**Student:** 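This structure is in structure tokens; I'll ask about it shortly.
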Number of protein chains: 2
Amino acid sequence: MARAATTADAFNAVAEPRRRQILDLLAEGERSVTDLVAAMGIVQPLVSKHLRVLREVGLVDVREVGRQRLYRLNGEPLRAIYDWVRAYERTWTRRFDLMETVIEELKERHDSDD
Amino acid sequence: MARAATTADAFNAVAEPRRRQILDLLAEGERSVTDLVAAMGIVQPLVSKHLRVLREVGLVDVREVGRQRLYRLNGEPLRAIYDWVRAYERTWTRRFDLMETVIEELKERHDSDD
DNA sequence: ACAATACATACCCATATCGGTATGCGTCAA
DNA sequence: TTGACGCATACCGATATGGGTATGTATTGT
């Protein structure tokens with residue numbers, strides 16, 4: 001077995017910087033593949049492949065217009081990530097760090113006796 | 001080149017379910033490796049490897065006590081993820097979906113004429 | 001009908017992943 | 001001192017990734 005498939009969930013899909021870039025671009029509005037290719041610095045097949053991953057986890061929707069494919073953002077799957085990280089919010093506040101430090105010092109003062 | 005290294009940033013580190021599980025366990029407090037091994041269903045070397053990744057992106061800190069390594073959570077690197085996803089918050093609200101739909105309908109009504 | 005355009009897909013390559021087993025090393029206990 | 005324990009690291013294997021090039025397919029324009 002290798003790493004979990006990137007198509008598995010939003011966490012994996014979003015771990016790739018290029019895919020985050022695509023989502024950021026799409027956040028401004030619907031765009032065609034060629035549009036995205038122009039905006040990013042990579043070749044079209046690569047963009048298409050990243051779009052496929054995003055499609056498979058439901059982060060983007062497609063609409064066919066003539067020979068164009070217009071991609072649109074669907075942020076809903078990001079909610080899972082948001083909910084998970086949000087639980088850690090208190091963790092990176094200054095207050096939390098200080099509290100931890102104090103606890104730590106108390107613990108060490110308790111364990112050792114010089 | 002293959003996929004971006006998992007040690008590259010918090011996004012990659014957290015894409016792995018097992019590593020999220022470790023963080024969740026550590027959120028309850030400091031734990032030794034053996035402790036984590038017992039709590040998760042995998043062998044010790046695997047836990048150690050995941051811990052290494054988490055260490056390298058700064059998501060955990062270690063403390064040596066005798067022959068034990070006590071790991072502690074450091075949520076700070078999660079902040080980057082939080083900030084990124086949070087920008088999309090409006091995206092998965094009901095209101096945003098409705099708004100998009102309306103815009104979409106207006107656009108189609110404007111383009112075609114049946 | 002034919003060429004051009006817009007994408008998706010098929011391959012190929014190099015790499016790094018996760019899982020597991022074997023091993024090394026420092027610390028503690030007898 | 002010797003053995004057990006706690007953990008990290010070295011390997012190995014299978015797999016899937018991201019990058020790229022070549023190619024196929026549908027739609028549009030001439």
Side-chain angles (χ1 to χ4, degrees), chain A residues 1-23 25-26 30-72 111-112, chain B residues 1-23 25-26 30-72 111-112:
Chain A
M1 227 174 291
R3 190 196 280 200
T6 135
T7 67
D9 55 27
F11 279 98
N12 279 284
V14 155
E16 167 63 42
R18 251 72 185 250
R19 286 196 284 264
R20 258 176 281 149
Q21 190 184 354
I22 290 180
L23 295 180
L25 288 166
L26 257 31
E30 212 175 33
R31 272 179 185 261
S32 71
V33 177
T34 305
D35 241 47
L36 291 171
V37 171
M40 310 173 64
I42 56 179
V43 293
Q44 175 265 313
L46 258 190
V47 175
S48 284
K49 275 197 284 187
H50 283 308
L51 283 170
R52 178 174 196 176
V53 172
L54 293 173
R55 242 187 298 140
E56 285 175 342
V57 301
L59 276 167
V60 298
D61 293 324
V62 212
R63 190 164 66 100
E64 305 198 7
V65 175
R67 55 189 167 190
Q68 288 193 318
R69 249 84 154 193
L70 299 181
Y71 280 84
R72 198 201 317 179
D111 292 351
S112 66
Chain B
M1 231 172 288
R3 189 194 284 201
T6 134
T7 65
D9 55 28
F11 279 97
N12 278 285
V14 155
E16 167 63 41
R18 250 74 183 250
R19 285 195 286 262
R20 258 175 282 148
Q21 190 185 354
I22 290 179
L23 294 180
L25 288 167
L26 257 31
E30 214 175 29
R31 272 179 186 261
S32 71
V33 177
T34 305
D35 240 48
L36 291 170
V37 171
M40 313 172 62
I42 56 182
V43 293
Q44 175 266 314
L46 258 191
V47 174
S48 284
K49 277 197 282 187
H50 283 308
L51 284 171
R52 178 176 194 172
V53 172
L54 293 173
R55 240 186 299 141
E56 284 175 342
V57 300
L59 276 167
V60 298
D61 294 322
V62 213
R63 190 164 67 101
E64 305 198 7
V65 174
R67 55 189 168 190
Q68 289 194 317
R69 248 83 155 192
L70 298 181
Y71 280 84
R72 196 200 320 179
D111 293 351
S112 67

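Excluded from the calculations below are hydrogen atoms, water molecules and symmetry mates; all remaining heavy atoms, backbone and side chain alike, are included. The model shown is predicted, which means the values in this text are computed figures rather than measured ones. Residue numbering restarts at 1 for every chain, and letters A, B, ... go by the order of the sequence lines.
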**Student:** Can you tell me how far P of C/dT17 sits from CZ of B/R52, to the nearest Å?
**Tutor:**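 It is 10 Å, rounded to the nearest whole Å.
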
**Student:** Check the distance between C/dC18's P and B/I22's CD1 and give it to me in whole angstrom.
**Tutor:** 11 Å

**Student:** Just how far, in rounded Å, is C1' of C/dT9 from CD of A/E56?
**Tutor:**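 The answer, rounded to whole Å, is 13 Å.
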
**Student:** Would you kindly say whether A/R19 and A/H50 are connected by a side-chain donor-acceptor distance under 3.5 Å?
**Tutor:** yes

**Student:** Expressed in angstrom and rounded to an integer, what is the separation of A/F11 atom CZ from D/dT17 atom P?
**Tutor:**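 Distance, rounded to whole Å: 18 Å.
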
**Student:** Mind calculating the distance between CZ (B/R19) and P (C/dA16) to the nearest angstrom?
**Tutor:**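 For the pair B/R19 CZ and C/dA16 P, the rounded distance is 15 Å.
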
**Student:** In whole angstroms, how far is the P atom of D/dG18 from the CD1 atom of A/I42?
**Tutor:**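 Interatomic distance, CD1 of A/I42 to P of D/dG18: 11 Å.
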
**Student:** CD of A/E16 versus P of C/dT15: gap in Å, rounded?
**Tutor:** 17 Å

**Student:** What is the distance, to the nearest angstrom, from the CG atom on A/N12 to the C1' atom on D/dT15?
**Tutor:**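 It is 14 Å, rounded to the nearest whole Å.
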
**Student:** Any side-chain heavy atom of B/L59 sitting closer than 4.5 Å to one from B/V14?
**Tutor:**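 B/L59 vs B/V14: side chains touch.
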
**Student:** Can a side chain N or O of A/Y71 be found less than 4.0 Å away from OP1 or OP2 on C/dA6?
**Tutor:** no

**Student:** Indicate yes or no: at least one non-hydrogen side-chain atom of A/L36 is less than 4.5 angstrom from one of A/V33.
**Tutor:**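 No. Closest side-chain heavy atoms not under 4.5 Å.
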
**Student:** Any chance you could measure B/L25, atom CG, to B/R31, atom CZ, to the nearest 0.5 Å?
**Tutor:** 5.0 Å

**Student:** Rounded to the nearest 0.5 Å, how far apart are CZ of B/R69 and CD of B/E30?
**Tutor:** 13.5 Å

**Student:** So, does A/N12 use its side chain to make a donor-acceptor pair with the main chain of A/A15 at under 3.5 Å?
**Tutor:** no

**Student:** What is the per-nucleotide protein-contact pattern of nucleotides 21-30 of chain D, from the 5' end, where B denotes a base atom under 4.0 Å from a protein heavy atom, S denotes such proximity for sugar-phosphate atoms only, and - denotes neither?
**Tutor:** BB----BB--

**Student:** Of the nucleotides C/dC18, D/dA8, C/dA8, which one has an atom closest to the side chain of A/V33?
**Tutor:** C/dA8

**Student:** State whether A/E16 and A/R20 are salt-bridged, where the test is any N-O pair (Lys NZ or Arg NE/NH1/NH2 against Asp/Glu carboxylate O) under 4.0 Å.
**Tutor:** no

**Student:** Quick check on D/dT17: is either OP1 or OP2 less than 4.0 Å from any side-chain nitrogen or oxygen of A/H50?
**Tutor:** no

